[in-house]
J.: 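Below is one structure. I have some questions about it.
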Amino acid sequence: MRAPTTGGRTGLAQGSVPLAVRMRPTSLDEVAGQQHLLGRGSPLVQLATGTRENPGGVSVILWGPPGTGKTTLAQAIARQSGREFVELSAVTAGVKDVREVMEKALTHRDLYGSTTVLFLDEIHRFSKAQQDALLPGVENGWVILIAATTENPSFSVISPLLSRSLLLTLKPLTDEDLGMLVDRAVEDPRGLGGSVVLGDEARSAIVRLSSGDARRALTALEAAASSAVAAHDDDADGTLDGVDTVPVVDADTVAAAVDRALLRYDRQGDEHYDVISAFIKSVRGSDVDAALHYLARMIEAGEDPRFIARRIIISASEDIGMADPQALPIAVAAAQAVQLIGMPEGRIPLAEAVVYLATAPKSNAAYNGVNAAIADVKAGRLGVVPMHLRDAHYPGAKRLGHGKGYVYSHDAEHGVAEQQYLPDALEGTEYYTPTANGYEREVGPRLERLRKITRGE
């Protein structure tokens with residue numbers, strides 16, 4: 001089915017400039033989302049509305065996931081304020097480039113009384129020395145820095161620069177924000193200019209696949225629109241009852257154009273840690289559905305399956321432990337299987353291990369036990385190894401009393417002898433306290449009997 005024509009094809013014939021770039025706002029009023037940062041008198045608004053005589057604003061660091069508008073905000077501020085604006089990318093810029101910007105900014109301030117706005121994208125890629133080069137200009141007001149990063153600035157930005165800047169956190173765009181962006185891009189002359197009709201289901205699919213990322217939404221829209229136009233042009237009859245028609249972007253077009261949702265997931269950034277954290281906590285919390293969801297997110301994002309397997313092994317030891325002693329062998333087997341068969345088939349043993357662990361009884365008693373023992377060792381609570389437990393095999397050891405009085409356990413009834421094993425300073429200490437979950441229901445009473453025998457109680 002074709003819809004009547006409402007516009008031309010100019011929106012799809014604007015050279016190689018991506019739709020996401022063409023649709024960048026020219027002022028803060030056009031920015032979608034991030035309204036918590038754009039209230040009256042906010043730092044970003046002051047940057048955009050400042051004048052040469054009253055520049056206003058302070059240096060800011062914009063921290064947020066990709067596609068939330070960090071570059072958009074910086075460029076909107078530049079266009080709206082009319083100030084001297086310099087843009088650098090930490091991917092390509094070096095210390096020399098930064099120093100040149102600082103020298104020019106100082107010259108502009110001295111000659112024209114103007115402040116330069118420096119936008120530095122991906123500041124987390126700058127080394128400490130490169131970030132140090134920014135300090136004189138920021139501290140003395142030669143430049144107002146707008147830095148963007150997808151990584152936690154507390155770990156990726158040097159403290160002196162952090163202390164001289166405001167940290168502003170951007171949020172993923174809501175479905176409403178993304179829907180507004182998509183609708184605007186369809187109609188705006190800078191975008192598609194009405195050259196396609198976007199169906200409701202297609203619109204919902206684009207919003208859903210974008211995961212709060214404006215750039216991904218516009219990229220998906222552009223790909224789907226191009227596919228719809230190509231299919232329309234290949235149609236021998238481009239009319240409906242004699243009326244010229246325009247292509248319709250439907251859900252099938254979106255599905256064909258966008259192979260899969262490119263997840264908002266940076267294997268080196270915060271999303272990596274957030275997803276693996278949610279994965280481990282879901283397994284620990286026995287929510288098998290959530291655990292499989294986060295496993296799928298990591299797999300689809302291209303996470304190293306060996307990393308996933310290692311985390312599954314750790315979870316089996318830390319969170320299931322002796323409540324189900326089979327959890328660890330199954331986790332290790334899954335890791336070995338992934339190495340043998342690779343991906344994508346490796347997802348199956350990984351999923352099997354995740355389901356087993358998530359549904360298994362839980363106990364961190366062994367984990368707590370070794371941690372408590374390590375804490376005592378670190379605190380110096382050691383004592384000396386009892387004489388009867390010391391090595392008596394080397395020449396002269398018996399003369400020193402090593403091994404004297406040792407009771408061979410297999411000679412005792414039930415294979416357990418009354419005997420002191422801990423050093424005197426730790427005698428009676430209990431590190432392992434089994435729970436009543438799973439197999440530890442059986443371990444608990446057995447351990448109580450063992451301790452009574454060894455302690456002679």
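Only heavy atoms go into these numbers, but all of them, side chains included; no hydrogens, no water, no symmetry mates.
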J.: Are T429 and R381 close enough that some pair of their side-chain heavy atoms sits under 4.5 Å apart?
T.: yes

J.: Kindly determine whether R203 and D183 satisfy salt bridge (Lys or Arg N to Asp or Glu O under 4.0 Å), including the steps that lead there.
T.: CA-CA 8 Å; R203 180 182 185 272; D183 293 340; 2.9 Å; yes

J.: If every non-hydrogen atom of T68 is compared with every non-hydrogen atom of K171, which pair is closest and at what distance?
T.: CG2-O, 3.4 Å

J.: So does D319 pair up with K362, basic N to acidic O under 4.0 Å?
T.: no

J.: Short question: side chain of R22, backbone of R190 - any donor-acceptor pair under 3.5 Å?
T.: yes

J.: Check whether any side-chain heavy atom of N140 sits under 4.5 Å from a side-chain heavy atom of L106, and report yes or no.
T.: no

J.: Is the closest side-chain heavy-atom distance between I308 and E303 below 4.5 Å?
T.: yes

J.: Would E30 and R24 count as a salt bridge (Lys or Arg N to Asp or Glu O under 4.0 Å) if you check the C-alpha gap in whole Å, the side-chain angles of each, and the deciding distance to 0.1 Å?
T.: CA-CA 9 Å; E30 293 184 8; R24 281 215 170 115; over 6 Å; no

J.: Just so I know, are the side chains of V196 and V248 near enough to count as touching, which here means a heavy-atom distance under 4.5 Å?
T.: no

J.: How about D250 and V254: do any of their side-chain heavy atoms sit closer than 4.5 Å?
T.: no

J.: For Y432, I'd like to know if atom OH has over 12 heavy atoms of other residues, nucleotides or ligands within 6.0 Å.
T.: yes

J.: Any side-chain heavy-atom pair from L28 and V45 closer than 4.5 angstrom?
T.: yes

J.: Looking at every heavy atom in both L134 and V98, which two are closest together, and how far apart are they?
T.: CD2-CG1, 3.6 Å

J.: Grab the two heavy atoms, one from A224 and one from T253, that are nearest each other, plus how far apart they are.
T.: O-CG2, 3.3 Å

J.: Is the backbone of V385 close enough, under 3.5 Å, to the side chain of R390 for a donor and an acceptor to pair up by distance?
T.: yes

J.: Rounded to the nearest 0.5 Å, how far does CG of L168 lie from CG of L44?
T.: 5.5 Å

J.: Please check if the number of heavy atoms outside D200 that lie under 6.0 Å from its CG is greater than 12.
T.: no

J.: Give the minimum heavy-atom separation between S59 and V138, together with the two atoms involved.
T.: OG-CG1, 3.6 Å

J.: Kindly indicate whether the side chain of S315, heavy atoms from C-beta on, has any atom under 4.5 Å from the side chain of L357.
T.: yes

J.: With a sphere of 6.0 Å drawn around CD of E352, does it hold more than 12 non-hydrogen atoms of other residues, nucleotides or ligands?
T.: no

J.: Do the side chains of P361 and Y439 get nearer than 4.5 Å, heavy atoms only?
T.: no

